[in-house]
> 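One structure coming up, written as structure tokens, with questions to follow.
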Protein chains: 2
Amino acid sequence: MQKVSSIELGKQLGINANSIRKDISYLGEIGNCRAGYSLATLKESLIQNLNINRKRVVCLVGLGRLGSAILKYEQLSQNGFKIAAGFDTNINKIETIQTKVPLYPASEIALVVRRERIELGLLAVPGAAAVETAKRLIDGGIRGIVNFSAVVLRPEKGVFIRNIDLVSELRVISVITGFLDQNS
Amino acid sequence: MQKVSSIELGKQLGINANSIRKDISYLGEIGNCRAGYSLATLKESLIQNLNINRKRVVCLVGLGRLGSAILKYEQLSQNGFKIAAGFDTNINKIETIQTKVPLYPASEIALVVRRERIELGLLAVPGAAAVETAKRLIDGGIRGIVNFSAVVLRPEKGVFIRNIDLVSELRVISVITGFLDQNS
DNA sequence: ATTTGTGAACCAATTCACAGCG
DNA sequence: CGCTGTGAATTGGTTCACAAAT
């Protein structure tokens with residue numbers, strides 16, 4: 001039986017072992033005090049408690065360079081996510097891109113999201129289109145959005161939003177390393 | 001003279017106005033009590049205090065789909081970042097990709113990073129290559145890394161690392177929306 | 001002996017509340 | 001008045017320390 005200790009988990013994840021234990025304990029968990037956690041039991045418990053026991057249906061809006069990269073990103077399907085639809089305003093792209101994922105014009109976002117019961121949206125459109133596009137996703141009943149555009153989307157009732165912006169990330173690092181330089 | 005209040009800033013950013021004021025106050029700031037902050041003064045103060053008054057030199061490792069998308073991402077140069085080098089293990093890519101950015105084989109990472117005084121690295125390589133590539137960047141004296149691979153890079157002395165993983169982001173949203181569904 | 005689970009202590013960050021100023 | 005700046009209160013999360021379990 002495969003085992004893993006909080007210390008080992010912590011090392012792998014770069015997290016304090018105490019935190020690992022505390023977090024797991026919230027699941028009302030049963031680790032073995034002698035030999036750590038049973039891998040199978042822990043995994044099962046996490047799957048149950050975090051509700052990740054089924055594939056999630058996602059869609060992708062924006063089929064530019066970033067969108068195309070995401071479309072081909074195998075890690076998604078390997079980790080329980082299925083891209084059920086792709087959208088773009090450019091009809092040309094919809095007709096030329098080679099993929100098994102069904103592609104639609106952006107005008108049909110709300111319709112398709114509702115029909116296919118799509119839960120999450122990946123937003124890879126230009127900043128100028130982000131707010132409008134998000135609105136369409138929400139109209140279709142989307143539950144969450146990962147927004148890659150430079151525009152910060154404001155949280156909306158019942159829709160969880162995660163803004164990911166490369167420039168912001170770089171700025172964070174710039175500022176921190178700059179600060180370290182000054183104080184070393 | 002353009003003015004902006006903490007309330008307005010907060011709305012734009014989706015952040016509590018109190019936090020805005022407190023944060024700005026740490027800069028030893030002079031907002032006008034009647035009419036909010038002078039846009040020009042605030043901007044200048046932020047630039048000075050956060051040390052973002054010069055272009056930062058970055059490099060890009062991995063010229064696959066994601067890397068290529070980043071290479072063409074104009075927002076970078078528009079926000080004070082200059083891609084001074086691109087790297088890939090595949091010599092073919094280095095010779096065929098059309099760009100003004102100088103491209104080098106991955107074997108030269110440390111060399112070029114040091115020579116060009118590159119401060120930040122964008123890591124868009126497959127997970128399997130992430131640790132090794134990060135090591136080369138660090139050997140070259142890089143100060144920070146934005147890691148897009150699925151592998152979590154552990155913090156290294158003097159090198160600030162930011163892990164960005166699409167799958168993780170999706171999982172966060174999945175778990176949260178799933179939780180909301182159960183408790184609504 | 002190890003390693004979990006957890007109360008207690010600690011620390012950082014957010015929010016509150018309001019005095020002070022134009 | 002409206003808005004800033006900031007002490008005080010609160011919250012949330014991390015770390016500590018140790019008793020319990022095997």
Side-chain angles (χ1 to χ4, degrees), chain A residues 1-50 152 154-155 157 160-163 168-169 171-173 175-177 179-180 182-183, chain B residues 1-50 152-155 157 160-163 168-169 171-173 175-177 179-180 183:
Chain A
M1 194 198 232
Q2 284 251 38
K3 297 279 187 177
V4 62
S5 74
S6 57
I7 298 154
E8 201 176 333
L9 280 170
K11 261 195 203 131
Q12 287 287 329
L13 300 168
I15 294 176
N16 186 312
N18 282 304
S19 291
I20 304 268
R21 286 209 302 285
K22 178 144 291 202
D23 286 352
I24 292 178
S25 79
Y26 286 134
L27 309 178
E29 197 38 43
I30 324 99
N32 186 314
C33 289
R34 183 73 185 291
Y37 302 95
S38 147
L39 213 48
T41 311
L42 179 57
K43 185 176 173 190
E44 182 56 27
S45 176
L46 282 169
I47 289 173
Q48 290 309 320
N49 279 281
L50 297 182
V152 176
R154 295 235 246 110
K157 189 166 160 299
F160 195 82
I161 291 178
R162 212 128 161 122
N163 297 298
S168 300
E169 299 294 338
R171 276 204 275 247
V172 169
I173 298 192
V175 170
I176 291 180
T177 60
F179 179 81
L180 291 179
Q182 289 183 319
N183 304 55
Chain B
M1 192 199 234
Q2 284 250 42
K3 297 277 187 178
V4 62
S5 74
S6 56
I7 299 154
E8 200 175 333
L9 281 170
K11 261 194 203 132
Q12 288 286 330
L13 300 169
I15 293 176
N16 186 314
N18 283 304
S19 291
I20 304 268
R21 286 209 303 284
K22 177 143 291 201
D23 287 352
I24 292 178
S25 79
Y26 286 134
L27 310 178
E29 198 38 44
I30 325 99
N32 187 312
C33 290
R34 183 75 185 291
Y37 303 95
S38 147
L39 214 47
T41 312
L42 179 58
K43 185 178 172 189
E44 183 55 25
S45 175
L46 282 169
I47 289 173
Q48 290 310 320
N49 279 282
L50 297 183
V152 177
L153 289 181
R154 295 230 246 114
K157 189 167 160 298
F160 195 81
I161 291 178
R162 211 123 165 127
N163 297 298
S168 299
E169 298 296 336
R171 278 204 273 247
V172 169
I173 299 191
V175 170
I176 292 180
T177 59
F179 179 80
L180 292 178
N183 303 55

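These numbers come from a predicted model, not from an experiment. Chain identifiers are assigned alphabetically (A, B, ...) following the order of the sequence lines, protein sequences preceding nucleic acid strands; residue numbering begins at 1 within each chain.
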> Counting only side-chain nitrogens and oxygens, does A:Tyr37 get under 4.0 Å of the OP1 or OP2 atom of C:dG5?
yes
> If I take atom OH in residue A:Tyr26 and atom C1' in nucleotide D:dT14, what distance separates them, rounded to the nearest angstrom?
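Roughly 10 Å, once rounded to whole Å.
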> Quick check on contacts: within residues 14-23 of chain A, what sits under 4.0 Å from DNA chain C by heavy-atom distance?
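A:Arg21, A:Lys22 - these, ordered by number, are the residues of the stretch whose heavy atoms sit under 4.0 Å from the strand.
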> What is the separation between atom CD1 on B:Ile30 and atom C1' on C:dG22, rounded to the nearest whole Å?
15 Å
> Measure the distance from CG on A:Leu27 to P on C:dT6 and round it to the nearest whole Å.
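Going from CG in A:Leu27 over to P in C:dT6 covers 11 Å.
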> For residues A:Ile47 and A:Lys43, determine if any side-chain heavy atom of one lies less than 4.5 Å from a side-chain heavy atom of the other.
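Yes, their side chains come closer than 4.5 Å.
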> Checking A:Asn32 now: which residues fulfil side chain to side chain donor-acceptor pair (under 3.5 Å) with it, not counting sequence neighbours?
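Here no residue qualifies.
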> Heavy atoms only: give me the nearest B:Arg154-B:Ile161 pair and the separation to one decimal.
O-CD1, 3.5 Å
> For B:Ser25, give me all partners under side chain to side chain donor-acceptor pair (under 3.5 Å), at least two apart in sequence or on another chain.
none
> Between protein and nucleotides 19-22 of chain D, what N or O pairs are separated by less than 3.5 Å?
none

> Who passes side chain to side chain donor-acceptor pair (under 3.5 Å) against B:Ser38, sequence neighbours left out?
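Result, side chain to side chain donor-acceptor pair (under 3.5 Å) vs B:Ser38: B:Thr41.
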> Sort and list the pairs that fulfil side chain to side chain donor-acceptor pair (under 3.5 Å) and have at least one residue in residues 5-20 of chain A, not counting sequence neighbours.
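Counting only pairs at least two positions apart or across chains, the side chain to side chain donor-acceptor pair (under 3.5 Å) contacts touching residues 5-20 of chain A are A:Ser6-A:Arg21, A:Asn16-A:Asn18, A:Asn18-A:Arg21.
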> When you check the phosphate oxygens OP1 and OP2 of D:dT4, does a side-chain N or O of B:Ser6 lie under 4.0 Å from one of them?
yes
> OG of B:Ser45 to CD1 of B:Ile24: how many Å apart, nearest 0.5 Å?
8.5 Å
> Provide, to the nearest angstrom, the distance between the CD atom belonging to B:Glu8 and the P atom belonging to D:dG2.
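The distance from CD of B:Glu8 to P of D:dG2 comes to 16 Å, rounded to the nearest Å.
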> Rounding to a whole Å, what distance do you find between B:Glu29:CD and D:dC3:P?
18 Å
> For A:Leu9 versus A:Ile20, what's the shortest heavy-atom pair and its separation?
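Nearest pair, atom of A:Leu9 first, then A:Ile20: CD1-CG2, 3.9 Å.
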